[in-house]
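In this text the structure is predicted, and so the values were computed from the model without any measurement. The first residue of the sequence shown is numbered 1, and numbering continues consecutively from there. Side chains are part of it too, since the values below use all heavy atoms of this structure and drop only hydrogens, waters and symmetry mates.
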Amino acid sequence: MRIGHGFDAHRLVAGRELVLGGVTIPHELGLLGHSDADVLVHAICDALLGALGAGDIGRHFPDTHPAYRGISSLKLLREVMTLVRTRGYAVTNIDATIIAQKPRLSPFIEAMRENIAQQCATESARINVKATTTETLGFEGRCEGISSHAVVLLARHGKSG
C-alpha cells in the first residue's frame, strides 16, 4: 500500500472557464493556469505521483511546455494513471476536498466523481469529492481563488480491496 497527498490552488479571473473534476461549471470567473487549471484534478495527480515517490505534476507536465497549454487536466490524470499501472499499482480510494466560497458545487460533484473514476479505471464508489467554504476567510473566502487537497491510497494490482 502507498499513500499520497496533493494540493493545488489557482487564482480566479475573468475570461476563463471554471473546470473542476473535468466538469465545466457555470460561473463568471474561471481558474488561471497554463492548462485548464483544474485544481481538483491537479491535486489528485500530485497525490498519485506522491504515492509513487515520482515527484509532482510540474515535473511531469511543466507549465513552460507548449504541449500542455490549455490541455484538459483529465488527460494529465490519464497519463499519471498510466505511470501508476506501469509501476504495478491500482487506486484503492481517493478522497478530495475543493475549497471555494463560490459557486455552489454540490450539483456537480457526482459528475466529477464519474470523470475521475473513468480516468483512474475504477468505480466511482472509490472516489470521494467534497466541497467546502472557508466562511469568507482567506483567498478562497474572498473569492480570489480555489484550492483543493487530495489523499490517495494505492495497492498492488489485485490487492485494491
Trace of the side chain to side chain contact (heavy atoms under 4.5 Å, CB included) decision for Met1 with Arg156:
CA-CA 7 Å; Met1 300 288 245; Arg156 287 279 179 198; over 6 Å; no
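- Across all their heavy atoms, Ala111 and Val23 have their closest contact at CB-CG2, 3.7 Å.
- Nearest heavy atom pair, residue Glu123 against residue Ala117, reads C-CB, 3.8 Å.
- Grouping the Ile, Leu, Val, Met, Phe, Trp and Tyr side chains by contacts below 4.5 angstrom, directly or via other members, places Leu77 with Leu83.
- Closest non-hydrogen pair, Leu29 versus Cys143, comes out as CD1-O, 4.4 Å.
- Follow the hydrophobic side-chain contacts under 4.5 Å out from Leu20 and you reach Ile109 in the same cluster.
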Any chance you could lay out the salt bridge (charged side-chain N to carboxylate O under 4.0 Å, His left out) test for Arg16 and Asp36, step after step, and finish with the verdict?
CA-CA 9 Å; Arg16 296 266 306 193; Asp36 63 6; over 6 Å; no
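- Looking at heavy atoms from C-beta onward, Thr92 lies out of side-chain contact with Leu154 at the 4.5 angstrom threshold.
- Using a 4.5 Å cut-off on side-chain heavy atoms (C-beta onward), Val84 and Leu52 make contact.
- The backbone N or O of Thr97 lies less than 3.5 Å from a partner atom in the side chain of Ser148, making a donor-acceptor pair.
- In this structure, a donor-acceptor pair under 3.5 Å is present between the side chains of His42 and Ser73.
- Looking at Glu140, its side chain never comes within 3.5 Å of a backbone N or O of Thr134 through a donor-acceptor pair.
- In this structure, the side chains of Gln119 and Val80 stay at 4.5 Å or more apart for every pair of heavy atoms.
- Cluster annotation: Leu105 is not connected to Phe7 through the hydrophobic network of ILVMFWY side chains, with a link wherever side-chain heavy atoms come within less than 4.5 Å.
- Using modelled atom types, one finds a donor on one side chain and an acceptor on the other under 3.5 Å when comparing Ser124 with Glu114.
- Side-chain contact between Ile146 and Leu31 is present, with at least one heavy-atom pair separated by less than 4.5 Å.
- One hydrophobic cluster, built from ILVMFWY side chains closer than 4.5 Å, holds both Phe108 and Ile127.
- To the nearest 0.5 Å, atoms CZ (Arg78) and CG (Leu74) are separated by 7.5 Å.
- Within 6.0 Å of the CD atom in Glu110, the count of heavy atoms belonging to other residues, nucleotides or ligands exceeds 12.
- With His60 contributing its side chain and Leu49 its backbone, the two residues share no donor-acceptor pair below 3.5 Å.
- Phe139 and Val39 are not part of a single hydrophobic cluster, where members link through side-chain heavy atoms under 4.5 Å apart.
- Judged by distance alone, the side chains of Ser147 and His10 never bring a donor and an acceptor atom under 3.5 Å apart.
- Rounding to the nearest 0.5 Å places CD of Gln101 at 11.0 Å from CZ of Arg142.
- A heavy-atom distance below 4.5 Å is not found between the side chains of Asp38 and Asp8.
- Inter-residue side-chain proximity for Val151 and Ile94 is flagged as unmet; no heavy-atom pair is nearer than 4.5 Å.
- Nearest heavy atoms, Gly6 versus Asp46: CA-CB, 3.9 Å.
- Taking NE2 from His27 and CG from Leu12, the interatomic distance works out to 5.5 Å, rounded to the nearest 0.5 Å.
- Distance check, rounded to the nearest 0.5 Å: CZ of Arg126 to CG of Asn93 gives 8.0 Å.
- Around atom CZ of Arg104, no more than 12 heavy atoms belonging to other residues, nucleotides or ligands sit under 6.0 Å away.
- Taking a cutoff of 4.0 Å between a charged side-chain nitrogen and a carboxylate oxygen, Asp63 and Arg69 do not qualify as a salt bridge.
- Side-chain contact between Met112 and Ile98 is present, with heavy atoms from C-beta onward closer than 4.5 Å.
- In this structure, the separation between OH on Tyr89 and CG on Leu153 is 10.5 Å, given to the nearest 0.5 Å.
- Summarising the geometry of Pro62 relative to Arg59, their closest heavy-atom pair is CD-O, 4.1 Å, with the distance given to 0.1 Å.
- Between the CZ atom of Arg2 and the CZ atom of Arg87 there is a distance of 8.5 Å, given to the nearest 0.5 Å.
- The shortest heavy-atom contact between Gly21 and Asn115 is O-ND2, 2.9 Å.
- Taking the six-membered ring for Trp, Tyr68 and His34 have ring centres at least 6.0 Å apart.
- Taking 4.5 Å as the limit, every side-chain heavy atom of Val19 sits out of range of all side-chain heavy atoms of Leu40.
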